[in-house]
Amino acid sequence: MMSSKHAIAAALVLPIVALGILTSYRQYIYATGQDVILPISGYDPRNLISGHYLSYSIDYGTKDICPLSKIPDAPAIVCLNPKSFIYGDTPPKGCTLFIRGACESPHRFTAGVERYYIPEHQGSPLEEKVQSQKAAILLSVTKNGRAMVKDLLINGKSWKTPEAQ
Amino acid sequence: MTRDLSKSLERWISSGLIHGDQAQRIQEYENAHAAHSHEHSWILNGFVILGAAVISIGIISQIAAHWENIPDWLKLMGSFLGLIGLAGTAWGYREKNSIIFDTALLFLFLLCLGTIGLISQIYHTTGPLYRLLLFWCSITVGVAYFARHLLVPWLWTGALLGGFTLTIYEAPLFSRIQPTFTEYPGLIGIILFFLCGAMALIRSTLLANNTLKGAFKAWTLIIGLGSLALFDLSFNSPHSGRFPSELSASIMNASVILYSLAVIAFTMLVFSEEYTKGQKVGAVLIFLSFLGIAHVSILTDSAFWRAFLTIISLMLMAIFLAGIDCKRLFTFLLSLIGLRFLILYFQALGSLALTGLGLILSGLTIIAGAFLWQKYRHSLFTWSHKLIS
């Protein structure tokens with residue numbers, strides 16, 4: 001049985017350790033994943049900006065994505081090489097690069113990478129650029145299919161660079 | 001308070017109840033006790049904790065306002081240093097000063113949420129709100145457990161409840177009927193009803209910590225009343241008691257499962273050793289009245305039965321609270337009963353109440369109700385207490 005002193009110490013350390021692990025995991029995906037660029041568009045062009053982030057849908061280049069109206073949040077996989085889509089947790093044979101996610105609704109695949117946080121005052125100009133120019137998202141994808149957003153690209157350049165401004 | 005006591009003592013001496021020396025000893029004891037309790041004034045504690053919450057919100061706002069000027073690594077480092085500093089402060093003051101200990105825990109609790117948000121922003125992650133709430137609660141369970149004042153456990157329990165409510169709401173079983181939850185408030189009432197039973201059960205069987213028990217008790221009552229209000233208010237819903245055929249199966253499945261879970265939770269509560277036999281009977285009656293109003297609210301559109309069962313449920317809850325010595329809550333529920341009676345009066349005599357005579361009658365009803373409440377609330381409390389103890 002843990003003494004009260006040790007229990008308090010554990011209670012104070014637990015959140016710090018848990019958040020440290022979460023940050024390390026995110027940084028691991030960021031640092032070790034393979035870079036992939038995918039075009040994006042606003043799924044509601046009138047309201048691309050929600051608060052301080054950009055909401056968009058990703059064009060995975062696969063036609064029949066989430067074709068069935070299965071139960072919501074059914075696990076699914078989008079294979080990026082070669083392009084294909086499959087329901088379930090196991091990637092199709094021969095697929096060398098894939099992203100795990102879920103079918104939120106028919107034709108809507110989500111993998112936790114559909115949001116890009118932006119500074120408050122950049123909202124409107126960035127929304128205009130994403131709508132009027134060629135916008136894409138730079139993802140870091142690990143071997144086990146976990147993906148993370150690295151950057152937002154306008155005409156192939158990071159939105160932060162002077163060329164994209 | 002002291003002046004009130006002096007007057008009472010004078011009155012008791014003149015009535016021959018106590019002697020002068022006894023009065024003096026009582027006065028000295030009360031003065032010393034008041035001085036001691038002043039040191040640990042709950043008002044002071046409350047303001048210190050409120051101040052801590054406001055400062056932490058201010059810090060978060062500052063970070064948000066200067067978001068783009070701070071490098072990501074610095075933001076993360078600052079956040080983690082803050083967490084370590086607060087944990088260290090709480091550790092250092094755990095035996096010396098409970099106000100500083102609890103304030104550090106409150107900061108730590110809030111900064112954990114801030115850090116989760118920061119990680120989300122830096123790494124551009126998305127996810128449902130319930131996952132965030134449940135993750136936050138799971139890593140801060142110890143912080144809530146060791147807090148000595150009610151605020152942190154109360155906030156933690158609220159976040160946990162929010163997380164569970166959203167989890168149920170977004171579960172595949174219910175996701176097909178999600179849009180109709182807003183049209184059928186009674187269904188959300190059932191979710192809260194189940195959670196209310198689960199909270200009461202966990203509180204009485206699993207928790208040994210008094211502060212956390214207090215937080216669970218407060219939230220059990222809040223969501224119980226919330227559930228009741230949703231059942232009662234569902235008459236505003238355009239579809240009350242008339243489900244479209246394509247939804248009825250899903251709604252019935254959802255309702256049956258939640259009903260069953262609530263039944264299990266309340267049944268297990270009956271076997272808890274915390275309550276007396278009378279209190280257990282009271283809990284069962286409250287449960288049955290809730291079942292009744294849930295049934296009426298979802299399957300029929302009878303305004304009379306909703307009002308009747310709401311009043312019965314409130315009365316049973318008031319009696320139960322009197323039985324466990326919660327005088328203020330008992331009084332609060334009595335006022336709610338009075339208010340519901342008044343609404344019932346307007347419901348029943350809506351058009352008449354708009355006439356001059358109706359308004360006079362309404363005014364007289366309100367005044368009479370207030371007088372009756374003022375005159376009989378103490379006797380009612382004593383009667384209820386005896387009934388259920």
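The sequence lines fix the lettering, A, B, ..., with proteins before strands; numbering per chain opens at 1.
One distance of note links CZ of B:Arg94 with OG of A:Ser4; it measures 8.5 Å at 0.5 Å rounding. With rounding to the nearest 0.5 Å, the separation of NE2 in B:His149 from CG in B:Asp102 is 5.5 Å.
In this structure, chain A has heavy atoms under 4.5 Å from both the backbone and the side chain of B:Ile84. Heavy atoms of B:Tyr123 lying under 4.5 Å from chain A belong to its backbone as well as its side chain. Both the backbone and the side chain of A:Ala9 come within contact range of chain B, each with at least one heavy atom under 4.5 Å from a heavy atom of that chain. Heavy-atom distances place the backbone of A:Val113, and not its side chain, under 4.5 Å from chain B. Residue B:Ser138 touches chain A through its backbone alone, counting heavy-atom pairs closer than 4.5 Å. Only the side chain of B:Ile119 comes within contact range of chain A, with at least one heavy atom under 4.5 Å from a heavy atom of that chain. Looking at B:Leu86, neither its backbone nor its side chain comes within 4.5 Å of chain A, counting heavy atoms on both sides.
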Trace of the side chain to side chain contact (heavy atoms under 4.5 Å, CB included) decision for A:Cys66 with A:Arg108: CA-CA 6 Å; A:Cys66 301; A:Arg108 178 146 172 75; 5.9 Å; no
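The shortest heavy-atom contact between B:Trp136 and B:Phe109 is NE1-O, 2.9 Å.
The residue among B:Thr125, B:Val143, B:Leu111, B:Leu76 with the most heavy atom pairs within less than 4.5 Å of chain A is B:Thr125.
With sequence neighbours excluded, the residues forming a side chain to side chain donor-acceptor pair (under 3.5 Å) with A:Thr142 are A:Asn144, listed by chain and number.
Looking at B:Trp156 and B:Val141, their side chains come closer than 4.5 Å, going by heavy atoms from C-beta outward.
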